[in-house]
There are 2 protein chains.
Amino acid sequence: MSQKKIRNMEEFAAVSGISRPTLSKYFNDPESVRKSTRQRVEDALLHYDYRPNFYAMNQNRRTTRNIGIVVPYLADPFFTEIGRAVEVKCIEAGYSPILLSSHGNPDQENDNLEALRALKPAGVLLAPLGRASDKGAITKFSTEVPLVLFDANIEDTGEAFVGTDNFQSVDLMVEYLCRSGQPPCFFEMKSPSNPNANKRRQAYFESMARQGHEAHVFQAEGEGWDFEEIGSSEGGQLLIDNAFPTNTVLCSNDRLAIGMLAAAYKNDIKVGLEPDASMRIAGHDDHPFSKFTCPPLTTISQDYAAIADRAVSTLFGIIESDSKPATRKESLFDGKLVMRDSA
Amino acid sequence: MSQKKIRNMEEFAAVSGISRPTLSKYFNDPESVRKSTRQRVEDALLHYDYRPNFYAMNQNRRTTRNIGIVVPYLADPFFTEIGRAVEVKCIEAGYSPILLSSHGNPDQENDNLEALRALKPAGVLLAPLGRASDKGAITKFSTEVPLVLFDANIEDTGEAFVGTDNFQSVDLMVEYLCRSGQPPCFFEMKSPSNPNANKRRQAYFESMARQGHEAHVFQAEGEGWDFEEIGSSEGGQLLIDNAFPTNTVLCSNDRLAIGMLAAAYKNDIKVGLEPDASMRIAGHDDHPFSKFTCPPLTTISQDYAAIADRAVSTLFGIIESDSKPATRKESLFDGKLVMRDSA
DNA sequence: AATAAAAATTTACGCGCGTAAACTTATTTG
DNA sequence: CAAATAAGTTTACGCGCGTAAATTTTTATT
């Protein structure tokens with residue numbers, strides 16, 4: 001590595017013996033120059049410490065290679081993992097992902113989109129907050145930037161949606177629970193912020209009807225993202241009150257189930273499949289911690305990899321064809337039953 | 001909001017009746033213009049949709065208002081929370097934080113610093129991976145960008161360090177455990193990636209000596225960030241083997257403890273303070289899930305708010321004085337004992 | 001009201017790179 | 001090997017804003 005500091009592309013052109021416009025082409029897409037030229041550039045890069053100025057690079061380009069990724073709540077490991085999966089796919093495709101969290105707050109979601117707008121991103125992958133989202137703002141945003149939604153759907157918003165087929169996944173779980181014991185009750189938040197929750201309730205109703213059982217839905221008061229706390233306090237109270245007509249509860253998501261399991265433990269209500277257990281509790285999402293609950297949680301795993309892959313490839317299809325698809329496409333992937341000890 | 005699209009600061013100057021250099025001053029620091037002028041600008045902003053071009057703005061400035069925040073592993077809610085606390089402080093100070101995760105990988109840590117370097121940030125807050133970190137790369141980075149470390153210290157690296165006083169916090173826990181029952185054994189990873197782990201082991205030794213008890217350290221094989229898994233498998237085996245000479249175990253961090261609690265449950269080993277319990281298990285960090293373990297985990301909470309506040313204010317001190325402090329300063333905050341049911 | 005000080009305006013240049021046009025050189029093809 | 005094509009070079013301009021200098025206007029001070 002030479003000592004000489006390279007200040008700009010002009011200087012790098014001088015020392016490398018390659019013209020500046022060709023260097024510009026190379027840095028925008030190394031494949032766009034002849035192999036021998038590419039080799040010369042890369043040799044020179046080994047000898048001189050130079051990187052194009054990020055700001056100058058992006059200033060004149062209509063569209064950058066930045067991809068915005070917005071998740072509703074990064075402190076939830078579920079979103080950390082799916083956000084990460086999406087991030088990796090972007091990097092593999094040669095884009096620069098920028099991961100932002102809305103922290104459960106619709107204003108923050110709007111701020112995030114606004115901040116991204118200033119970056120003139122090539123596209124944005126958004127897992128919206130759901131009910132609380134400012135649909136108007138998101139729709140307006142999507143007129144300016146290619147936008148693909150994932151995890152949570154908002155009708156007619158964005159160019160496409162990628163997520164899990166809640167009807168398939170919940171049916172799978174209900175079918176299993178009915179087959180292996182008493183039919184499940186359903187436990188959820190009263191005003192779920194996430195639209196998947198509504199789908200799951202609906203799926204529960206339909207599935208129970210198909211199985212020929214009566215549906216029993218229990219809804220917890222409380223707002224926000226403090227699911228474990230709500231599962232523990234409200235779900236725990238339902239357990240104590242013996243409010244569930246069957247011994248089996250399907251929670252709308254793992255975090256509620258984690259809270260409920262903690263409450264069950266505290267109140268000496270044994271959960272699981274063993275003969276001395278009095279309840280079965282199941283969840284949905286295969287949260288990273290559900291493996292370590294007491295007992296380990298039976299749940300549904302979402303296909304992170306497939307969702308991330310499809311979301312990213314859909315977005316890149318739009319970016320690279322430079323045209324929005326005629327019809328908004330929804331891709332739904334199947335969930336898988338993860339059988340552990342809680343149900 | 002007028003329909004007219006404002007393309008640049010020139011046009012916004014025309015419609016607002018304020019000269020472009022004054023606008024430039026305003027956007028760089030609204031306080032730097034007279035109040036009446038500020039009002040006129042802000043009135044105009046209500047009528048016209050204009051934001052300075054992010055890339056053009058930063059191109060000519062020696063230093064931007066971007067702050068890089070790098071955490072070792074965003075899928076760990078502990079880091080999500082402290083990262084978030086730091087982020088909020090930056091926003092309050094009028095800077096733009098960019099949160100990056102190293103995903104437990106030193107190459108990624110270097111990539112993150114490299115990516116940040118291209119953004120010419122005003123400063124960077126780094127929670128390093130620890131042992132695995134490329135100390136040379138970080139030191140070199142800190143010659144170019146003001147750098148404050150937090151959470152995990154690396155000797156003589158960066159302008160300052162802010163974290164928890166492990167000697168205080170572990171002593172607090174050991175003292176409590178000794179006072180309330182049998183003295184604790186210590187459970188940790190054999191090759192901890194995080195330097196706090198080494199401090200905590202050392203603190204355990206010293207504290208046990210002070211209490212006049214023999215120290216017993218148990219180290220789990222295994223690398224990486226899959227702490228719960230390691231706590232469950234290796235810690236669980238130690239429980240089964242009755243390997244601990246006392247009935248009390250202090251885990252180096254909550255995630256190990258969470259795994260160990262899961263293993264104890266699975267093996268019908270009752271943990272807690274009740275008469276029929278055979279073990280006590282404690283953790284460190286007050287992980288967001290430690291409230292929902294079975295039983296709820298007794299642990300040490302770190303003072304997130306104080307750490308975030310000090311880290312950010314230290315960095316801004318350096319940025320605003322435009323000079324590195326003569327001596328590297330280390331700020332340590334006390335942990336607090338969080339008594340729950342596990343110990 | 002006269003003067004000093006502060007703030008805004010006018011004018012002008014440059015940052016580092018994208019990119020277009022005209023031209024030259026290298027490679028491919030029949 | 002000549003013609004056709006692809007790739008690289010030279011030259012030049014502009015993006016949107018930071019910023020400096022000289023000037024004018026506004027505000028504060030006595």
Side-chain angles (χ1 to χ4, degrees), chain A residues 4-45 48-66 94 96 117-122 322, chain B residues 4-45 48-66 94 96 117-122 322:
Chain A
K4 191 170 184 337
K5 282 241 168 177
I6 307 291
R7 318 179 126 271
N8 54 39
M9 205 180 275
E10 199 86 52
E11 289 190 13
F12 186 64
V15 299
S16 66
I18 296 153
S19 71
R20 195 175 67 72
T22 301
L23 287 176
S24 178
K25 276 200 75 179
Y26 169 85
F27 285 113
N28 283 317
D29 178 10
E31 299 297 313
S32 69
V33 302
R34 202 188 294 152
K35 193 162 68 182
S36 61
T37 310
R38 188 157 63 238
Q39 196 54 55
R40 285 168 61 208
V41 176
E42 282 158 9
D43 286 347
L45 281 173
Y48 301 95
D49 184 21
Y50 169 71
R51 287 186 55 165
N53 180 294
F54 173 79
Y55 299 103
M57 258 179 81
N58 286 304
Q59 176 176 6
N60 297 322
R61 250 208 291 256
R62 342 189 141 88
T63 172
T64 67
R65 290 187 76 81
N66 302 323
S96 302
R117 208 164 68 101
L119 299 181
K120 303 188 189 305
D322 203 24
Chain B
K4 190 170 183 336
K5 284 241 169 178
I6 307 290
R7 315 179 127 272
N8 54 38
M9 205 181 273
E10 198 87 49
E11 288 190 15
F12 186 63
V15 298
S16 66
I18 295 153
S19 72
R20 195 175 69 70
T22 301
L23 287 175
S24 178
K25 278 200 75 178
Y26 169 85
F27 284 114
N28 282 317
D29 178 11
E31 299 297 314
S32 68
V33 302
R34 204 188 294 150
K35 194 162 69 181
S36 61
T37 310
R38 187 158 63 240
Q39 196 54 57
R40 285 168 60 208
V41 176
E42 280 157 10
D43 287 348
L45 281 173
Y48 301 95
D49 184 22
Y50 170 71
R51 287 186 56 166
N53 181 294
F54 174 78
Y55 298 104
M57 260 179 80
N58 287 305
Q59 177 175 9
N60 297 323
R61 250 209 289 260
R62 341 190 142 86
T63 172
T64 67
R65 290 187 75 81
N66 302 322
S96 303
R117 208 164 67 100
L119 299 181
K120 301 188 192 306
D322 203 23

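A, B, ... follow the sequence lines: proteins, then strands. Residue 1 opens every chain.
Taking each heavy atom of B:Ala118 and A:Arg51 in turn, the nearest pair found is CB-NH2, 3.7 Å. Contact between B:Leu23 and B:Ser16 at its shortest, heavy atoms only, is CD1-OG, 4.2 Å. Here the closest heavy-atom approach between residue A:Arg40 and residue A:Gly17 is recorded as NH2-O, 2.9 Å.
Residue B:Arg51 contributes atom CZ, which lies 12 Å from atom P of D:dC17 at whole-angstrom precision. Computed from coordinates, the B:Met9 CE to D:dT19 P distance equals 11 Å when rounded to whole Å. Atom CZ in A:Arg40 sits roughly 11 Å away from atom P in C:dA26 (whole-Å rounding). Atom CZ of B:Phe54 and atom C1' of D:dC17 are 14 Å apart (whole Å). Between the CG atom of A:Asp29 and the P atom of D:dG8 there is a distance of 12 Å, rounded to whole Å. The interatomic distance linking A:Gln59 (CD) with C:dG18 (P) rounds to 11 Å, in whole Å. Summarising the geometry, the separation between OH on A:Tyr55 and P on D:dG18 is reported as 13 Å, rounded to the nearest angstrom. Here D:dC15 presents its P atom at 12 Å from CZ of B:Arg20, a figure rounded to the nearest Å.
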Would B:Thr64 and A:Tyr55 satisfy side chain to side chain contact (heavy atoms under 4.5 Å, CB included), going step by step from the backbone distance to the final call? CA-CA 11 Å; B:Thr64 67; A:Tyr55 299 103; 3.7 Å; yes

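Close to C:dG16, at under 4.0 Å from its OP1 or OP2, lies a side-chain N or O of A:Asn8. Put simply, A:Ser24 has a side-chain N or O that comes within less than 4.0 Å of OP1 or OP2 on C:dG18.
The 5' end of DNA chain D is approached more closely, in terms of each residue's nearest nucleotide, by B:Asn60 than by the other of B:Asn60 and B:Pro21. For the pair A:Ser32 and B:Ala56, nearest-nucleotide mapping onto DNA chain D gives the more 5' position to A:Ser32.
Residue-level contact check: B:Thr37 touches the backbone only, with heavy atoms under 4.0 Å from sugar-phosphate atoms and none from bases. Using a 4.0 Å heavy-atom distance criterion, A:Asn28 is classed as a sugar-phosphate-only contact. Residue-level contact check: A:Tyr26 touches neither bases nor backbone, having no heavy atom under 4.0 Å from any strand.
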Identify every side-chain donor-acceptor pair in residues 6-13 of chain A under 3.5 Å, counting partners at least two apart or on other chains, and give the distances.
residue	atom	partner	partner atom	Å
A:Asn8	OD1	A:Glu10	N	3.1
A:Asn8	OD1	A:Glu11	N	3.0
A:Glu11	OE1	A:Arg7	N	3.2

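Checked against C:dC15, C:dT9, D:dG18, the side chain of B:Thr22 finds its nearest nucleotide in C:dT9. Looking at the side chain of A:Arg34, the nearest of the listed nucleotides C:dG18, D:dG8, D:dC15 is D:dG8.
In this structure, A:Tyr48 contributes its side chain and A:Lys5 its backbone to no donor-acceptor pair below 3.5 Å. Between the side chain of A:Tyr26 and the main chain of A:Ser32, no donor-acceptor pair closer than 3.5 Å is present.
Computed from C1' positions of five pairs at each end, the angle between the two local axes of the helix from C:dA1-D:dT30 to C:dG30-D:dC1 equals 20°, rounded to 10 degrees.
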